[in-house]
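Below you'll find the structure, written out as structure tokens, and then a few comments.
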Number of protein chains: 2
Amino acid sequence: MTDKRIDGGVAHTLYDRLRRDIVFGRLAAAAKLPLGELKESYGVSVSTLREALNRLAAEGFVMTEGQRGFFVAPMTREGLRDIAALRILIEGYAFEKSIEHGDTDWEASIVAAHHKLHRLEQRMIQGDVSVRENWKQHDWEFHQALIAACGSAELLRLHQTVFDKYLRYQVRVLTFRGTLAAQEHKDLLDAALSRNVAQGADVLRRHIDGGVEHSLAHWGG
Amino acid sequence: MTDKRIDGGVAHTLYDRLRRDIVFGRLAAAAKLPLGELKESYGVSVSTLREALNRLAAEGFVMTEGQRGFFVAPMTREGLRDIAALRILIEGYAFEKSIEHGDTDWEASIVAAHHKLHRLEQRMIQGDVSVRENWKQHDWEFHQALIAACGSAELLRLHQTVFDKYLRYQVRVLTFRGTLAAQEHKDLLDAALSRNVAQGADVLRRHIDGGVEHSLAHWGG
DNA sequence: ACACATACATTGATCGATTTTCTTACCGAC
DNA sequence: GTCGGTAAGAAAATCGATCAATGTATGTGT
């Protein structure tokens, strides 16, 4: 028998797909989301579709105004600075708490997460762009591992959506920050292992602000 | 003709009603939410109901696990401490930014908001419990006014849900902190008007932690 | 008497159809 | 020529019905 727990039902699968399609730009920013067309392309009914869209609307990935349907959330320079500042606040605080409370198991998990991320980064730097979506997953897992010992479920949950909103802007510019980002990840790992709160917060701020500057520089349009 | 913009459709109205019913405890914590019954009592169809519940699930007011339906989010001592810490972080940061950037219009709006709140608090202290739900509204409007000049839409949006999650715990214990809370609100106003960031953050922390201690002391069960 | 399996009842998840609302194109009046 | 109103078409919001999963009770075998 197949394990049903792999997918959480059509609605949950659809939610994941839509979310990824928004974060990775396959659904363009500010694009209209016509129920009739999406219903066809995703192969679900309108009710199921609306359930997923409502969840995404609550998280801020899609907008819905009055009875005019759903739109992908737009991307603006101000929106990027806004979400980046929020990520620095949330992740910075969670990182501090995590450094305070983390035990040896936590240390082991961040070392492991960093190793996997490092491998992917090497391939990315060498120009292998096929692993991009995979790399994102490991980037997130590393950052999530860093703050996993913060002791707050609310914080971890919130970080997940803030991180993805920020990531959407990183994906938008197709170029990779490469060596710089990789070095910052290493610095974050070192700060965590040496329990240096101030240094960790500082590196994290530079890491995120660096991504903002990179995105703004390659904004285009 | 009646202005349609007053209600945002059945779904949005239902969302508001459900959210209020959860925050004010009319839907008990951890209670099951049977679609068949709710459909009757709220007078909507199952699809509309599920849309609203999905939005609330994304915000964390209701839980949904697998194919077993929806539950009101439970309330625990740890959950209270968790959400309180998050509120201190979010609102404290937003308050600082607001003090930095706020202009005279902002000052006027917080004076006005505080005045309305103050009137309600006087009636609450005198034992008039009929204005409780109205008082909550003005409490929220005052705190929202304090941070309105922070310059971040994401922060304001996030604050709204964090505030309501915290408020649910305050509503849970039926007693009112009365004079203490009123004095703290006055102190917050003074700190904002005198642009004293450190004092503002300090008062805010005491205000929120005070509410936590009050709730834990009257926890019962 | 207890454990397990199976049939039944209940509830949630998904779908297709109906109703309402918005958009736009068209026509007449100023 | 433009503004305002109106009617037709498209799209979204809502609903009622069907399908699938879960929980429960019953019966049988050890």
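Proteins come first, then strands; the chains are lettered A, B, ... in the order of their sequence lines, and each starts at number 1.
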Nearest heavy-atom contact between Ala11(A) and Ala52(A) is O-CB, 4.5 Å
Interatomic distance where NE2 belongs to His12(B) and P belongs to dA12(D) [whole Å]: 18 Å
Without decimals, in angstroms, what is the distance between Phe70(A) CZ and dC22(C) P? 15 Å
Going by an N to O cut-off under 4.0 Å, is there a salt bridge joining Arg26(B) and Glu133(B)? yes
Distance in angstrom units between Leu49(A) CG and dC15(C) C1', rounded: 13 Å
Are OP1 or OP2 of dA13(C) and a side-chain N or O of Thr48(A) less than 4.0 angstrom apart? no
Short side-chain N/O contact from Arg50(B) to OP1 or OP2 of dA13(C), under 4.0 Å: yes
Is there a residue in residues 26-35 of chain B whose heavy atoms reach under 4.0 Å of DNA chain C, and which residues are they? Lys32(B), Leu33(B), Pro34(B), Leu35(B)
Can you give me every donor-acceptor pair (side chain of residues 33-42 of chain B, partner residue at least two apart or in another chain, under 3.5 Å) with its distance?
unit_1: Ser41(B); atom_1: OG; unit_2: Glu37(B); atom_2: O; d: 3.2
unit_1: Ser41(B); atom_1: OG; unit_2: Leu38(B); atom_2: O; d: 3.3
unit_1: Tyr42(B); atom_1: OH; unit_2: Asp21(B); atom_2: OD2; d: 2.6

Rounded to the nearest 0.5 Å, what separates atom OG1 in Thr161(A) from atom CG in Leu56(A)? 11.0 Å
Could you tell me the separation between the CG atom of Leu53(B) and the P atom of dT14(D), rounded to a whole number of Å? 14 Å
Would you mind reading off the distance between Leu38(A) atom CG and dA13(D) atom P, rounded to a whole angstrom? 13 Å
Lys39(B) has an atom NZ; how far is it from atom P of dT14(C), in whole Å? 18 Å
Classify the nucleic acid contact of Arg68(B) as base, sugar-phosphate or nothing, counting any heavy atom under 4.0 Å across all strands shown. sugar-phosphate
Would you kindly give the CD-to-P distance between Glu51(B) and dG12(C), to the nearest whole Å? 17 Å
Nearest-0.5 Å distance that lies between atom CG in Leu204(B) and atom CD in Glu96(B): 9.5 Å
Quick check for you: to the nearest 0.5 Å, what is the distance between Gln137(B) atom CD and Leu120(B) atom CG? 10.0 Å
How about His118(B) and His138(B): are their ring centroids closer than 6.0 Å? no
note: Tyr42(A), atom OH; dC15(C), atom P; distance rounded to Å ~ 15 Å
Nearest-nucleotide wise, let me know which of Gln67(A) and Ser45(A) is further upstream toward the 5' end of DNA chain C. Ser45(A)
For Ser47(B), report the nucleic acid contact type (base, sugar-phosphate, nothing); a contact means any heavy atom under 4.0 Å. base
Would you mind telling me which of dT14(C), dT14(D), dA21(D) lies closest to the side-chain atoms of Val10(B)? dT14(D)
